[in-house]
Amino acid sequence: MKPDIREMPIDELRVVKAYRDLVPKPLAKDLELLRAEVRANGLDPAHPLVVNEDLVVLDGHTRLEIAKDLGLAWVWVTVKDLEDNWAEREFVIKANLARRQLNTAQRAELGLKLLEIERERAKRRQQLAGQLYGRGQSSPSPEEFLRQWVQGLQEQAVQEAVCRAPVAATQTTQTGGDEKVVPNSEQPITCSQAQDGRSLEIVARQVGIGKDTLYRAQAIQQAAQQDPQVASDWEDAKAGKTSVNRVYRKVRVKDLPQHYGAGIKTGPFSLKVEPPPEPKPERIYNEEEKWELLWMVAD
């Protein structure tokens with residue numbers, strides 16, 4: 001079925017920061033090439049902007065910005081009807097994964113965002129389960145609760161099918177110090193056994209990197225919240241100046257004191273070299289003490 005593509009006034013489209021900032025901005029050289037193409041030929045109706053029913057832009061933020069800068073009054077759009085905010089965020093990420101040239105760190109960050117979306121969904125399912133058994137903080141209308149409950153059951157059925165199915169093997173390669181795999185953005189990311197790392201594996205394959213690389217990016221992101229230097233190194237990785245593995249090694253070195261030598265003053269696992277103990281001064285005995293010692297030895 002062909003998508004419904006129509007021309008629409010540019011002023012009627014809305015931009016939501018949360019969607020626009022989900023994906024990294026294109027490089028300056030790519031931005032200039034796109035600007036020159038739009039200036040020469042206009043926007044291509046074969047590649048329209050994607051909006052939801054409220055005319056919020058989901059895909060095509062860069063093209064929309066260029067069109068506004070060039071003074072275009074109309075743009076080509078197609079409407080994408082998705083069930084909720086989570087599905088729209090997933091669409092924004094996957095649309096850019098399929099089209100954009102992204103490095104390993106950028107793909108890893110998008111993978112972490114997909115994992116966050118699934119955590120939010122799981123939290124919502126727990127809230128619905130609590131409401132079902134009378135532990136919820138608020139009670140929706142019977143119609144709304146029934147709709148959400150049926151939707152949750154459908155999602156759970158998909159999750160269990162994914163958990164039972166084996167993950168297709170893909171070839172892993174090394175690129176710029178980071179492992180890379182063939183992406184599979186069509187595979188669902190939800191899994192009721194996410195604790196065992198399966199969702200991490202599925203998401204890694206969706207974004208086209210190895211599971212270990214995504215795990216390392218997760219550790220880096222957590223460390224970056226407390227350490228400005230790690231945050232700066234992570235930005236360098238996303239800019240292509242360094243690799244995920246190099247930043248991860250730095251994080252591991254900084255974490256060593258927490259794992260080895262914590263609370264140990266000396267020993268082979270200590271990271272801090274303890275100075276040698278001070279020698280005890282030699283005691284000097286007076287004449288009376290010497291005679292007492294002699295009598296003790298004689299006895």
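We count residues from 1, following the sequence as given. Just the heavy atoms: all of them, side chains too, but no hydrogens, waters or symmetry mates, feed the values below.
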Quick one: [atom1] on [X] to [atom2] on [Y], what's the gap to the nearest 0.5 Å?
| X | Y | atom1 | atom2 | result |
| --- | --- | --- | --- | --- |
| I209 | R107 | CD1 | CZ | 9.0 Å |
| E116 | L112 | CD | CG | 9.5 Å |
| L49 | K80 | CG | NZ | 14.5 Å |
| D81 | E88 | CG | CD | 9.0 Å |
| L110 | L22 | CG | CG | 8.0 Å |

Give a yes or no answer on whether the side chain of K113 reaches the backbone of I93 with a donor-acceptor pair at less than 3.5 Å.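 A pair under 3.5 Å: no.
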Table please: side-chain donor-acceptor pairs of residues 8-16 below 3.5 Å, with sequence neighbours left out.
none

All pairs passing side chain to side chain donor-acceptor pair (under 3.5 Å) where residues 53-77 contributes a residue, at least two apart: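 As it turns out, the side chain to side chain donor-acceptor pair (under 3.5 Å) pairs with a partner in residues 53-77, which skip direct neighbours, are D59-R99.
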Enumerate the side chain to side chain donor-acceptor pair (under 3.5 Å) contacts for residues 217-228, please, sequence neighbours excluded, ordered by first and then second residue.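 Every side chain to side chain donor-acceptor pair (under 3.5 Å) pair that includes a residue of residues 217-228, provided the two are not neighbours, is D227-K254.
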So which of V244, L115, L114 actually passes side chain to side chain contact (heavy atoms under 4.5 Å, CB included) with L214?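 Filter result, single survivor: L115.
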Looking at [X] and [Y], what are the two nearest heavy atoms and their distance?
| X | Y | answer |
| --- | --- | --- |
| L102 | P24 | CD2-CG, 3.8 Å |
| W234 | A108 | CH2-CB, 4.3 Å |
| T78 | P48 | CG2-CG, 3.8 Å |

Which residues pass the side chain to side chain contact (heavy atoms under 4.5 Å, CB included) test with A87, sequence neighbours left out?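 If we apply the side chain to side chain contact (heavy atoms under 4.5 Å, CB included) test to A87, skipping adjacent residues, the hits are L82, E83, D84, R121.
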Show every donor-acceptor pair shorter than 3.5 Å between a side-chain atom in residues 27-41 and any protein atom, with sequence neighbours excluded, or say none if there are none.
none

Could you give all pairs that pass the salt bridge (Lys or Arg N to Asp or Glu O under 4.0 Å) test and reach residues 230-239, with sequence neighbours left out?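 Those involving residues 230-239 are E109-K238, D233-K250, E235-K238.
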May I ask you to check whether over 12 heavy atoms, not counting those of F91, lie within 6.0 Å of atom CZ?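 Yes, CZ of F91 has more than 12 neighbouring heavy atoms, counting only those of other groups under 6.0 Å.
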Run the side chain to side chain contact (heavy atoms under 4.5 Å, CB included) test on L58 and Y19 for me, step by step, so that the C-alpha distance in whole Å, both residues' side-chain angles and the decisive distance to 0.1 Å come before the verdict. CA-CA 7 Å; L58 302 177; Y19 289 167; 3.5 Å; yes
Side chain to side chain, E90 and Q206, heavy atoms closer than 4.5 Å: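 They are not in side-chain contact.
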